[in-house]
Amino acid sequence: MEIKAIRGFNDILPGEIGRWQFVEKTVREVFEGFGFSEIRIPVLERTELFARGIGEATDIVEKEMYTFTDRSGNSLTLRPEATASMARAYLEHQLHTFDPVAKLYFMGPMFRYERPQKGRYRQFHQIDAEVFGVHNPVVDAEVIIMLIQFLKKVGLEQLELQINSLGCRECRPQYREKLKSFLEKKSFQLCEDCQRRLQTNPLRIFDCKVDDCKQTILGAPQVTDYLCTACVNHFEGVKEYLSMAGLTYVLNPRMVRGLDYYTRTAFEVVSYDLGSQNAVTGGGRYDNLFQEIGGVDIPGIGFAVGMERLISLLPRDKGLVRYPDLFIATLGEDTKREAYRLANQLHLEGLRAEFDYEGKSLKSQMRRADKLKASYTLILGGDEMKRGKAVLRNMADKSQEDIPMDELAGTLKTKLLSH
Ligand code: AMP
């Protein structure tokens, strides 16, 4: 029986990889420019890290984690997100002793046991950026500016930045109670999941996609009306720094981020680039996460961009796959040896050259050159070679010219680089 990939786990094929590489390259350029360094974290962690870090009463921990017991009886989990692991690494390696401020980014696959559907997978990819160790709202603004700069650089233009403040340990419990008592009166209108959320994590009801729940929560009290003075000041600071940088934003008091550890600033970026509204990314501040996983008071702020979603929104002309610069068509064994020698030379110069390995007819070689979308084809015929020449065909306009063999590599390089 043919073995197929697991449901919700995708292959990324050569035809699509150009867009992935383009996004990854842009991440490195933009993030490194803002002073961020890459960190790579393991795929597996102790289950406890996510249970404590993300919060027991979140959808991820309640029902979406890939958790299993290893041969030594340890409970391990495939990472469903990166922030908790990045925070763990920062503590474990005492990065704060080098510099209390750490600006880190990460790219890689995440795993969540969700129902696979278009745009939702069980293995998906995220780009993550986090700043650890700064309370000041200036860094909230800086992280958001970097995110917007990155999204513009990959080609998204119609972006809307939405911001909110979720309060802190001091003021959020009071809001939570207000929200709970508002919703308890209407609990019969809520879906089964939200009835449960009402007891465990009422803020999550804002994220429910069920129409009745969306209607019910419309008149609910708003978190920004219950912020303590410190949170109000922090939020005002974020707004001021965003305005100083010329960024416009929309206040969205109904935006709550799904994970428990968020405090104060929360943000989302919505793209209207493909006509409809698409949430590209979200993030926020989480001043409690380090407390949960390490018992220390270190603030953090960051965001996660879903790669699959982002790539589906890219303009068509971004991140095109690289086609061969040259296809070398040969006639007979001698010319094949010459093609091999030439291709090796061009590869060392960084040019993408292909030739026929199997002794196919010239016609089928030309067909292959077309199919591979080579920019040029070099025809190495026995007679031309004897005359010290080869024919170079421009595959776009079909023009042909003779090129002296002894200048072949140099001529090709000049032509291809100016192409
Ligand atoms: P979250 O970590 O849940 O805040 O998600 C951050 C981003 O990751 C979202 O905006 C999505 O684009 C992406 N994402 C989350 N879950 C999935 C999934 N199952 N499949 C594809 N993308 C996802």
Side-chain angles (χ1 to χ4, degrees), residues 27 31-32 35-113 122-135 139-140 143 166 168-169 201 257-266 281-307:
V27 166
F31 291 15
E32 303 257 342
F36 282 67
S37 303
E38 185 173 356
I39 182 169
R40 299 194 186 182
I41 47 174
V43 167
L44 270 183
E45 297 271 6
R46 293 187 185 280
T47 304
E48 213 188 334
L49 174 71
F50 302 117
R52 291 225 308 258
I54 300 172
E56 299 278 2
T58 54
D59 281 358
I60 294 183
V61 174
E62 274 180 351
K63 52 186 189 198
E64 293 172 359
M65 295 209 300
Y66 271 93
T67 297
F68 65 94
T69 309
D70 74 1
R71 288 169 199 271
S72 315
N74 300 312
S75 177
L76 305 179
T77 296
L78 282 170
R79 61 179 181 219
E81 57 104 54
T83 313
S85 300
M86 286 161 81
R88 185 217 24 86
Y90 171 81
L91 288 180
E92 187 169 337
H93 303 286
Q94 303 191 334
L95 298 185
H96 47 94
T97 56
F98 168 68
D99 185 343
V101 181
K103 296 157 91 174
L104 304 169
Y105 74 92
F106 167 83
M107 291 184 264
M110 302 296 159
F111 305 86
R112 293 186 198 170
Y113 197 81
R122 289 182 169 171
Q123 175 176 323
F124 61 99
H125 297 74
Q126 283 187 342
I127 300 161
D128 252 85
E130 314 289 342
V131 179
F132 299 145
V134 186
H135 285 286
V139 94
D140 304 38
V143 163
L166 302 178
C168 65
R169 242 173 296 180
N201 195 351
R257 306 279 311 143
L259 315 185
D260 265 6
Y261 54 54
Y262 285 110
T263 51
R264 294 193 168 165
T265 317
T281 165
R285 181 169 271 283
Y286 42 88
D287 293 347
N288 297 342
L289 172 68
F290 280 91
Q291 202 44 267
E292 292 297 333
I293 65 170
V296 284
D297 238 339
I298 295 174
I301 177 156
F303 59 78
V305 181
M307 286 263 246

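If you read the sequence from its start, that first residue is 1, and numbering goes on from there. Quick caveat, the model's predicted, so the values are computed rather than measured.
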Item to check | Expected output: side-chain R285 to main-chain T265 donor-acceptor under 3.5 Å | outcome: no
Next on the checklist: Just so I know, are the side chains of T77 and L44 near enough to count as touching, which here means a heavy-atom distance under 4.5 Å?
Outcome noted: no
Checklist entry - Can you tell me how far CD of E32 sits from NZ of K103, rounded to the nearest 0.5 angstrom? => result 11.5 Å
Checklist entry - Judged by atom type as modelled, is there a donor-acceptor pair below 3.5 Å linking the side chain of R79 to the main-chain atoms of I41? => result yes
Item to check | Member of L95, V139, V134 meeting the side chain to side chain contact (heavy atoms under 4.5 Å, CB included) criterion with V101 | outcome: V134
Checklist entry - Are P109 and H125 side-chain neighbours, meaning at least one heavy-atom pair lies under 4.5 Å? => result yes
Item to check | Shortest non-hydrogen separation from E45 to P42 and the atoms involved | outcome: OE2-CD, 3.9 Å
Checklist entry - Who pairs with D297 by salt bridge (charged side-chain N to carboxylate O under 4.0 Å, His left out), at least two apart in sequence or on another chain? => result R169
Checklist entry - Do the side chain of T281 and the main chain of A304 share a donor and acceptor less than 3.5 angstrom apart? => result yes
Next on the checklist: Are the side chains of I127 and F31 in contact, using a 4.5 Å heavy-atom criterion?
Outcome noted: yes
Next on the checklist: If you take the centroid of each ring, where Trp contributes its six-membered ring, are Y105 and F36 closer together than 6.0 Å?
Outcome noted: no
Checklist entry - Looking only at atom types and distance, does a side-chain atom of R264 sit under 3.5 Å from a main-chain N or O of C168, one as donor and one as acceptor? => result no
Item to check | Exercise: identify the closest heavy-atom pair between P80 and I54 | outcome: CG-CD1, 3.9 Å
Checklist outcome for this item: Output for pair (Q291 CD, T263 OG1), nearest 0.5 Å, gives 12.0 Å
Next on the checklist: Using a 3.5 Å distance criterion without hydrogens, assess whether the side chain of D70 forms a donor-acceptor pair with backbone atoms of S72.
Outcome noted: yes
Checklist outcome for this item: Minimal heavy-atom distance between G133 and I298, with the atoms involved, is N-CG2, 3.8 Å
Next on the checklist: Would you compute the distance between atom OH of Y262 and atom CG of N288 and round it to the nearest 0.5 angstrom?
Outcome noted: 12.5 Å
Checklist entry - Nearest heavy-atom pair of M86 and L104: which atoms, and what distance? => result CE-O, 3.7 Å
Checklist outcome for this item: dist Y90:OH -> F290:CZ (nearest 0.5 Å) comes out at 6.0 Å
Checklist entry - With no hydrogens and no angle check, do the side chains of E130 and Y286 hold a donor and an acceptor under 3.5 Å apart? => result yes
Next on the checklist: Tell me if the OH atom of Y113 is crowded by more than 12 foreign heavy atoms within 6.0 Å.
Outcome noted: no
Item to check | Euclidean distance, I293 CD1 relative to L49 CG, rounded to 0.5 Å | outcome: 5.5 Å
Item to check | Exercise: identify the closest heavy-atom pair between A84 and L289 | outcome: CA-CD2, 4.4 Å
Checklist entry - Who are the ring pair (Phe, Tyr, Trp, His ring centres under 6.0 Å) partners of F50, not counting sequence neighbours? => result none
Item to check | Reported CZ-to-NZ distance for the pair R112 and K63, which is rounded to 0.5 angstrom | outcome: 12.5 Å
Next on the checklist: Testing the basics here: between T47 and S75, what is the closest heavy-atom pair and its distance to 0.1 Å?
Outcome noted: OG1-OG, 2.7 Å
